[in-house]
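The structure appears right after this line, and notes come after that.
All residue numbers refer to positions in the sequence shown, counting from 1.
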Amino acid sequence: MAPSAYDPAFARRSCGPGIHQHLRRVRRRHDAASGDAGSQMNHGGAETGMLEFSGIGMLDLGVVPASDNLNQFQVFVFIVMPYPLKMLHKVPSQLSFKHGFKFFHALKHEHHLFDLIHQPNAASVNCSMLNHLHNHLPFQALAAFTDQFRLHSLQNVDEVTLGLSLKACKGEVKLGCQIHGLLVSSGFVSLVSVSNSLMKMYCKSGNFWKALLVFENLSHPDIVSWNTVLSGFEESLDALHFARSMHFRGIVFDQVTYTTALSFCWGDYGFLFGWQLHSLVVKCGFGCEVFVGNALVTMYSRGVMLDEARRVFDEMPKRDLVSWNAMISGYAQEGECYGLEAVLLFVNMLSNHILIDHISLTGAVSACGHMKNLKLGRQIHGLAQKVGYGTHVSICNVLMSTYSKCEVPNDAKVVFESISNRNVVSWTTMISIDEEDAMSLFNAMRIDGVYPNDVTFIGLIHSVTVRNLVTEGLMIHGLCIKSCFLSEQTVSNSLITMYAKFECIQESKKIFEELNCRETVSWNALISGYAQNGLYKEAFCTFLSAIKEITPSQYTFSSVLNAIAAAEDISLKHGQRCHSYLLKLGLNTDPTVSGALLDMYGKRGHIIESQRVFDETLERTQYAWTAIISAYARHGDFEAVMSLYTEMEREGISPDSITFLSVLAACCRKGMVDVGHRVFECMVKKHSIEPTSEHYSIMVDMLGRVGRLDEAKKLMHQIPGGPGLSVLQSLLGSCRIHGNLKMAEKVVATLVEMDPASSGPYVLMANMYAEKGKWEKVAEVRKKMRGRGVKKEVGFSWVDVSDVDSLYLHSFSSGDKSHPEYENICKMAEFLGLQMNFLKESREREGEWCHE
């Protein structure tokens, strides 16, 4: 049966094969030859291949060659009416090429012809509305609908007209609700196709619950109805439950159902559901459908099951561009691990003569960035230029990121400058790359009319944080408040970190307390901020509050373990509790956590536990090796340090500057000057590590300890930028050991000039004078201290008792009576002293007995 409305496919069948191919060929030739916009048809006076006659309706012109000369045509005129299509008559006409083509090609004045129809039918209205929609003029389409409704009520309206009017709403729910009222009053809402369009409109406008109400009122929903509701869900779990209920009700899934349901399959439950859907796809014979295959590839790629995604891809009998792009993007998103596979698949795509687009190029360039393959990235950049995508904004954005990762920021700037229509991603990427000019770029972005997003502010905050630009940071904070970006969790977290770096931890705490929802990253930022500012007790207390609200991550434990390691007054038993907690959570195998545990036990003197953690570490990173070497160096175990250092190099792990610092410290304490010199030269020549003041300080201390003070002084003057406090303090300590008073006086004079408030040089010099019996000099030093207001720092000791409820260690100093347990501490100290004397006397008696 012939269709009741205009059907292009039916028209093509009626006109015979090859007609439309001839028409397209003629149009291409016309576009290449000339474009005379002034030519018009003398037949009917219209510039279109669709003729409207009053009282008749739309006319579709079928064109066939009248002879071998393509400039001559015969025109078949078909009437398009609400009743079946019929051929009215055959009109021969000798048309010139130019005039004939303009007759068929020009459509921009079609609405003028529509206005000439006195009583247009539904097909005419539908065609006019469809034309407006194709030209992205939805409100004009709605105007055509309302005009016809106002003039002719519902006489020239059918279900297609109403479907088009709902589509023209474009998510404007108020307009859609008015049409919904019309559908209810006119009874059209009972038609399934109309209800389907209504549900789709509500889904697109974000009123999914209204779509559900329409669906529940349907007496006989079809598969389109079910699919429309399924696509409208926002939560993955709800969508998958709905799909399951469809299956239980006996609804036969089609390819749209499978494609839509698979798009919701993420997370543990989602992937399990996706595997079941995959089984149904194979069982029901939809495996050959391209759209379903693409959805399966995307699902497995999202779940980092790239081998399974590749298997589905390889088994697809037919692949389109989306298939290749989904697989390439899946590989590219996983970083360096699958970067090569992404590039190889891209090359295979080119070998198969698949027409690439910007998504293909974006995936390939992104893979080059992850692999830091600059040469290949530039080749793909050249290919993008060749195929016309050289200035495409998404490709340029990824190119900028790739060049930044390959450490060629100037190339990234060139790409940025070549973008004509820069979007927020372009500006944000450039702000993250060029931290020096981040503020200037941000201002230029605002002048360009591009509105920033939360990622823009995160990059901007990071740039001012690393450069310690306090004033600019305050300005950015104010702008975040003004533009309502402070409600973004990621922006608030960045501000917490920024203020902590600026040593304004109270501001960090204030922002944290104002958060509506405190996620794990927020707690981590505050804990880390306290630790960075030396507020280790506050960091630990914040951790105790955090575990009441959130499940700590590996970064949470890393921050709190570092705080406990650095704190001198927090009991080690709390670090052991953290260790037990992370074991229960299964985080002990994480490299970050194991490194922090090693560091904590090493710094708190628990070398046996530190070694046990190192032995249980599966992935021994550079940080883990450095932590265990530092632990043994702190305990003065030279043999263990050198053994671990040798094993580290044998394993192929390159030591960093901190590793060498620990090895040199062990050599210094053992007095192994020659070994220390070899390690120092290896650091500079083999590993190309520039020595810092700490490295020079240890070398000076190493030479000074063995009495080579002149060599130490000579090395000190070779330090770029001159010797610092740590180097001079090391040399002063060596002068005291070997009694070089003359050199010590010169060093003390330099130290006092550099740090007048420090009491260390004064005390050390006074002790040296006292050892030499120069009491006048001792009095003189003490007088200078009093005159300059310098006070000797009081030394404290800590003791850890068995009180499980105690958070802090008990601290005390010499002659201190302020502690509440003062009397018990003194009695315990007296008891320990008696025990030590008893043991000493016992050993002396045993030695005398053995000697006899």
Side-chain angles (χ1 to χ4, degrees), residues 203 208-209 211-212 215 221 223-317 319 322-335 337-338 341-342 345 363 519-521 550-554 582 584-590 618:
C203 289
F208 179 63
W209 63 276
L212 279 179
F215 177 77
I223 188 61
V224 178
S225 311
W226 290 94
N227 290 343
T228 302
V229 174
L230 179 62
S231 66
F233 282 98
E234 294 182 359
E235 296 295 330
S236 168
L237 201 60
D238 295 338
L240 297 182
H241 282 316
F242 185 78
R244 186 180 63 179
S245 68
M246 288 176 63
H247 184 66
F248 287 161
R249 289 170 178 263
I251 306 299
V252 180
F253 289 8
D254 63 0
Q255 60 180 1
V256 178
T257 316
Y258 284 114
T259 303
T260 307
L262 286 168
S263 68
F264 286 104
C265 293
W266 64 75
D268 295 335
Y269 179 82
F271 287 123
L272 180 62
F273 196 92
W275 291 333
Q276 296 174 354
L277 283 176
H278 192 178
S279 301
L280 278 176
V281 166
V282 176
K283 182 179 179 181
C284 299
F286 282 101
C288 59
E289 294 291 340
V290 178
F291 296 125
V292 177
N294 295 343
L296 285 169
V297 170
T298 303
M299 181 197 72
Y300 284 123
S301 299
R302 190 190 298 123
V304 201
M305 301 179 65
L306 294 174
D307 294 335
E308 190 67 22
R310 184 58 185 266
R311 188 179 68 81
V312 174
F313 177 82
D314 292 336
E315 291 176 356
M316 291 176 68
R319 309 183 192 107
V322 177
S323 314
W324 290 90
N325 288 346
M327 196 68 245
I328 292 172
S329 299
Y331 279 138
Q333 288 170 3
E334 290 310 305
C337 299
Y338 288 92
E341 284 81 355
L345 190 63
E519 58 183 17
T520 305
V521 179
I550 52 104
T551 301
S553 66
Q554 63 268 36
L582 63 90
K584 292 179 181 178
L585 296 176
L587 295 173
N588 55 304
T589 57
D590 185 85
L618 301 177

Could you pull out all residues at least two apart from F286 that satisfy ring-ring contact (aromatic ring centres under 6.0 Å, His included)? Y258
Indicate the atoms forming the closest heavy-atom contact of F271 with G303, along with that distance. CZ-CA, 2.9 Å
Can you tell me how far apart CD (Q554) and CG (D590) are? Round to the nearest 0.5 Å. 4.5 Å
Min side-chain heavy-atom separation V304-E334 under 4.5 Å: yes
For N294 and N325, does a side-chain donor sit closer than 3.5 Å to a side-chain acceptor? no
Listed once per pair and sorted, the side chain to side chain donor-acceptor pair (under 3.5 Å) pairs that draw on residues 263-292, sequence neighbours left out: H278-Y300
Counting C-beta onward and ignoring hydrogens, is there a side-chain heavy-atom pair between F313 and L345 closer than 4.5 Å? yes
Roughly how far apart are S301 OG and I328 CD1, rounded to 0.5 Å? 11.0 Å
Nearest heavy-atom contact between T520 and S553 is CG2-OG, 3.7 Å
Identify which one of V229, L230, T228 satisfies the side chain to side chain contact (heavy atoms under 4.5 Å, CB included) criterion when paired with T260. L230
The side chain to side chain contact (heavy atoms under 4.5 Å, CB included) partner of V292 among D254, V281, L277 is V281
Distance check, rounded to the nearest 0.5 Å: L582 atom CG versus N588 atom CG? 6.5 Å
Sub-6.0 Å ring centroid separation between F208 and F233: yes
Taking the ring of F242 and the ring of W226, is the distance between their centroids below 6.0 Å? yes
Under 3.5 Å side-chain donor-acceptor pair for H241 and R244: yes
Is there side-chain contact between T257 and I223, with at least one heavy-atom pair below 4.5 Å? yes
Value rounded to 0.5 Å, distance of CG in L306 from CD in Q333: 9.0 Å
Between R310 and D314, does at least one N-O distance fall below 4.0 Å, as a salt bridge requires? yes
Quick one, C265 and L240 - any side-chain contact, counting heavy atoms below 4.5 Å? yes
Distance (rounded to the nearest 0.5 Å) between R302 CZ and S329 OG: 12.5 Å
Please lay out, stage by stage, how L262 and T298 fare under the test side-chain contact (heavy atoms from CB on, under 4.5 Å). CA-CA 9 Å; L262 286 168; T298 303; over 6 Å; no
Side chains of F253 and C284 in contact at under 4.5 Å (non-hydrogen atoms): no
Is any side-chain heavy atom of F264 closer than 4.5 Å to one of E235? no
Where do C337 and E341 come nearest, in terms of heavy atoms and distance? O-OE1, 3.7 Å
